[in-house]
Structures are given as C-alpha cells and as structure tokens.
Amino acid sequence: MSHYTMDDLLYLMARLRDPATGCPWDIKQTFSTIVNYTIEEAYEVADAIERDDIQHLCDELGDLLFQVIFYAQMGAEKDYFDFDNIVHQLVTKLIRRHPHVFPDGELKATQNEIERADVTDLDVKASWERIKKQERLKKNKRQILADIPLSLPALKRAHKLQYRAAQVGFDWTDYKPVLDKIREELKEVELAIETGKEEHIQDEIGDLIFCCVNLARHLQVDAEQAVRQCNAKFTRRFNYIEEQLAANEQDCKSSSLTEMDYLWRQAKEKGL
C-alpha cells in the first residue's frame with residue numbers, strides 16, 4: 001500500500017467536517033473548543049521525548065499535526081485562511097527571521113550562492129529578538145511583553161517575561177542578587193503564613209516561585225524542564241516505595257512516614 005500524503009490528510013479533514021456526511025463530533029468543533037486538545041497533544045509530544053519513546057513520538061507528532069489541519073479546515077470554511085496560507089506565512093516568517101541563512105530573502109538560495117560570515121548562537125538570538133521586535137511594532141504591539149501568550153505554562157511564561165524584560169536592561173547583572181531576593185521572598189512567605197490569609201500566602205508564594213525561575217534563567221537552566229525532571233524523579237522514587245512495600249505485603253496507607261522516608265532515601269542511594 002502506498003503511503004498517504006499531506007493531500008490525503010487535508011482530504012480526510014474535509015471529509016470529517018462535511019456537514020452532510022462527516023463526523024458529528026468533528027463538525028460541531030470550533031477554534032475555542034479544540035484549543036485544549038492542541039495543548040494536550042503538545043504535552044504528549046514532550047512526554048514521548050522525555051521518555052525517549054521514539055516509537056510513540058511519531059504517532060504523537062501526527063496527532064499534533066492533525067490539530068493544525070483541523071484549524072486550517074475551519075479557517076477555510078469561514079474564508080479566514082487555509083492550509084496553504086498557514087504554510088506561506090510560516091515560510092515567509094522563517095526566511096525573514098534567518099537573514100544569516102537567507103540574506104537575500106530567497107528560499108532557494110544555496111550556500112554556494114551566499115556570502116555567509118561566521119555566525120554564533122548569540123548573533124542568531126540577537127537578530128531573532130531584533131526582528132521579532134520589528135514585527136511587534138508592525139502589529140502595533142509596542143509593549144515589550146505584549147505577545148507572550150497567556151496560555152503558556154506558568155514557569156515557561158515567567159521565564160519569557162523575565163527574558164524579554166532583560167533585553168531592555170531590566171535585570172540583575174548576575175545570579176547573586178537573585179539569591180538575596182529569594183531569601184527576602186521566603187521571609188515574606190513566612191510572614192504571610194503568620195497572617196493566615198490565603199490570598200496573601202498565595203501571592204507571596206507566587207513571588208517566591210517567580211524569583212526561583214529568575215535564578216534558573218541566570219544559571220542557564222530551563223525552569224519548566226527542571227521541574228518536569230523533578231516530577232519524573234519524584235515519581236520514580238515514590239514508585240520504588242510502593243514496590244518495596246508491596247513486596248512485603250504492605251502499602252503506603254498502612255506504613256509510617258519513617259518507613260516510607262527510609263525507602264525514599266534507599267531509592268535516592270540507588271540513583272532513582
């Protein structure tokens with residue numbers, strides 16, 4: 001059997017949305033109703049990568065691609081845009097944002113036709129930010145933080161907010177003042193706990209976490225990824241506790257914190 005192509009996928013999507021013969025569930029969807037599925041599919045791609053599950057990564061990438069196809073079909077139905085428009089705008093934007101690869105703005109130019117100077121990662125990042133700033137101005141989004149999506153995971157968005165502010169000099173010169181700020185914020189959390197006001201406690205804990213993200217950024221650590229790794233580590237160690245207790249016909253509810261802590265430290269010693 002021959003492999004299906006992008007054209008086949010676009011045809012399939014149109015069939016699913018056909019008002020007369022399509023799928024009732026697909027027909028009733030809108031941009032706003034499927035956005036949560038899009039976010040979920042992106043996380044499933046990330047999960048497959050973190051587990052090094054290449055077999056399922058291909059499948060998850062397909063699910064994520066399907067979300068784009070879904071939006072394209074709904075856009076075409078309302079004469080907003082179609083899949084070709086999405087591709088055209090994407091290619092145009094990527095050519096514009098990579099002048100070190102496409103200096104003449106031409107997609108088909110080869111390396112032999114380009115006089116390309118040595119370009120470092122820092123050069124690329126600086127150029128990328130400069131071009132994005134120009135794009136924001138064209139969209140009349142003059143505020144520096146205007147185009148950072150609200151729907152991003154909180155830690156990821158905190159990192160982006162801080163990074164964008166740092167581009168205009170609103171930042172500490174190194175990580176040491178950030179450590180001092182973390183200590184200050186921790187004291188404020190302790191004071192908030194003494195007041196007993198939930199909103200105050202939540203506000204101060206938010207400030208503390210935001211500062212921790214800032215520390216991670218200064219140390220070239222992705223806070224979102226760091227916490228995801230921490231979550232995975234916690235899961236491995238807690239699973240070990242459950243397995244060891246089950247081997248002795250016990251469970252967590254019937255065990256003491258001392259027993260579980262002992263097994264936790266044992267899991268840690270084993271490198272889990």
### Task
Under the salt bridge (Lys or Arg N to Asp or Glu O under 4.0 Å) rule, collect the residues that match up with R228, sequence neighbours excluded.
E50
Sequence neighbours left out, cut at 3.5 Å: what donor-acceptor pairs do the side chains of residues 39-47 make with other protein atoms?
unit_1: D47; atom_1: OD2; unit_2: R51; atom_2: NE; d: 2.7
unit_1: D47; atom_1: OD2; unit_2: R51; atom_2: NH2; d: 2.9

### Query
Are L64 and L9 joined in one hydrophobic group, where the rule is that I, L, V, M, F, W and Y side chains link up if heavy atoms are under 4.5 Å apart?
no
### Co-membership, hydrophobic cluster, residues I209 and V221, 4.5 Å side-chain
yes
### Query
Where is the tightest heavy-atom contact between S32 and V35, given as atom of each residue plus distance?
O-CG1, 3.3 Å
### Spacing of C212 atom SG and L186 atom CG [to the nearest 0.5 Å]
9.0 Å
### Query
Can you get from L57 to L65 by hopping between Ile, Leu, Val, Met, Phe, Trp and Tyr side chains that sit under 4.5 Å apart?
no
### Query
Taking it one step at a time, do F102 and L94 satisfy side chain to side chain contact (heavy atoms under 4.5 Å, CB included)?
CA-CA 9 Å; F102 310 103; L94 291 175; over 6 Å; no
### Query
Is Q162 reaching over with its side chain to a backbone N or O of F210, donor-acceptor style, under 3.5 angstrom?
yes
### R157 side chain to L152 backbone, donor-acceptor under 3.5 Å
no
### Query
What residues, two or more places apart in sequence or in another chain, satisfy side chain to side chain contact (heavy atoms under 4.5 Å, CB included) together with S255?
L245, Q250, E259, M260
### Message
Count I, L, V, M, F, W, Y as connected when their side-chain heavy atoms are under 4.5 Å apart, and connections chain through other members. Are L161 and I205 then in the same cluster?
### Response
no
### Message
Working note: F70 + F31, criterion side chain to side chain contact (heavy atoms under 4.5 Å, CB included); need CA distance, chi angles, decisive distance, verdict.
### Response
CA-CA 9 Å; F70 212 138; F31 292 129; over 6 Å; no
### Task
Mind jotting down which residue pairs meet the ring-ring contact (aromatic ring centres under 6.0 Å, His included) criterion with at least one end in residues 158-183? Sequence neighbours excluded, please.
none
## Note on the structure
In terms of heavy-atom contacts, A76 and D82 come closest through CB-CB, 3.9 Å
Distance-only donor-acceptor hits, side chain of residues 189-203, under 3.5 Å, sequence neighbours excluded:
unit_1: T195; atom_1: OG1; unit_2: A192; atom_2: O; d: 2.5
unit_1: T195; atom_1: OG1; unit_2: K197; atom_2: N; d: 3.3
unit_1: H200; atom_1: NE2; unit_2: E204; atom_2: OE2; d: 3.4

Donor-acceptor pairs are to be reported for all side-chain atoms of residues 12-21 against protein atoms at under 3.5 Å, with residues two or more places apart or in another chain.
unit_1: R15; atom_1: NH1; unit_2: Y11; atom_2: OH; d: 3.1
unit_1: R17; atom_1: NE; unit_2: E77; atom_2: OE1; d: 3.3
unit_1: R17; atom_1: NE; unit_2: E77; atom_2: OE2; d: 3.1
unit_1: R17; atom_1: NH1; unit_2: D26; atom_2: O; d: 2.7
unit_1: R17; atom_1: NH1; unit_2: I27; atom_2: O; d: 3.0
unit_1: R17; atom_1: NH1; unit_2: Q29; atom_2: O; d: 2.9
unit_1: R17; atom_1: NH2; unit_2: E77; atom_2: OE1; d: 2.5
unit_1: D18; atom_1: OD1; unit_2: A20; atom_2: N; d: 2.8
unit_1: D18; atom_1: OD1; unit_2: T21; atom_2: N; d: 3.0
unit_1: D18; atom_1: OD1; unit_2: T21; atom_2: OG1; d: 3.4

#### Entry: Polar side chain donor-acceptor pair, T258 to D261, under 3.5 angstrom
no
### Message
Going by the rule salt bridge (Lys or Arg N to Asp or Glu O under 4.0 Å), which residues pair with D8 if we only count those two or more places apart in sequence or in a different chain?
### Response
none
### Task
Considering non-hydrogen atoms only, spot the tightest contact between H218 and T173 and give its length.
CE1-C, 4.4 Å
### For C211 against V178, the heavy-atom pair lying closest together
O-CG1, 3.6 Å
### Task
Grab the two heavy atoms, one from A223 and one from L155, that are nearest each other, plus how far apart they are.
O-CD1, 4.0 Å
#### Entry: Donor-acceptor contact present, side-chain D104 to main-chain E106, <3.5 Å
no
### Summary
Quick note, salt bridge (Lys or Arg N to Asp or Glu O under 4.0 Å) partners involving residues 166-185, not counting sequence neighbours, are D171-R217, D180-R183, K181-E184, K181-E185
### Message
Minimum heavy-atom separation for R237 and L272, please, with both atom names.
### Response
NE-O, 2.8 Å
### Query
In chain order, what residues pass the salt bridge (Lys or Arg N to Asp or Glu O under 4.0 Å) check against D59, with sequence neighbours excluded?
none
### Task
Could you name each residue pair satisfying ring-ring contact (aromatic ring centres under 6.0 Å, His included) that touches residues 247-272, not counting sequence neighbours?
F234-W264
#### Entry: Test salt bridge (Lys or Arg N to Asp or Glu O under 4.0 Å) applied to R236 - qualifying residues, sequence neighbours left out
none
### Message
Between I241 and L257, is there shared hydrophobic-cluster membership here, with clusters defined by ILVMFWY side-chain heavy atoms closer than 4.5 Å?
### Response
no
#### Entry: Name of the residue among Q73, H88, M6 meeting side chain to side chain contact (heavy atoms under 4.5 Å, CB included) with F83
M6
### Query
Mind checking what makes ring pair (Phe, Tyr, Trp, His ring centres under 6.0 Å) contact with Y37, not counting sequence neighbours?
W25
### Query
Can you tell if the side chain of E188 reaches within under 4.5 Å of the side chain of L208, non-hydrogen atoms only?
no
### Query
Should I34 and M74 be marked as a side chain to side chain contact (heavy atoms under 4.5 Å, CB included) after you check the CA-CA gap, both sets of side-chain angles, and the distance that decides it?
CA-CA 11 Å; I34 70 168; M74 290 188 292; 3.5 Å; yes
### Task
Look up atom CD1 in I95 and atom NZ in K93, then write down how far apart they are to the nearest 0.5 Å.
12.5 Å
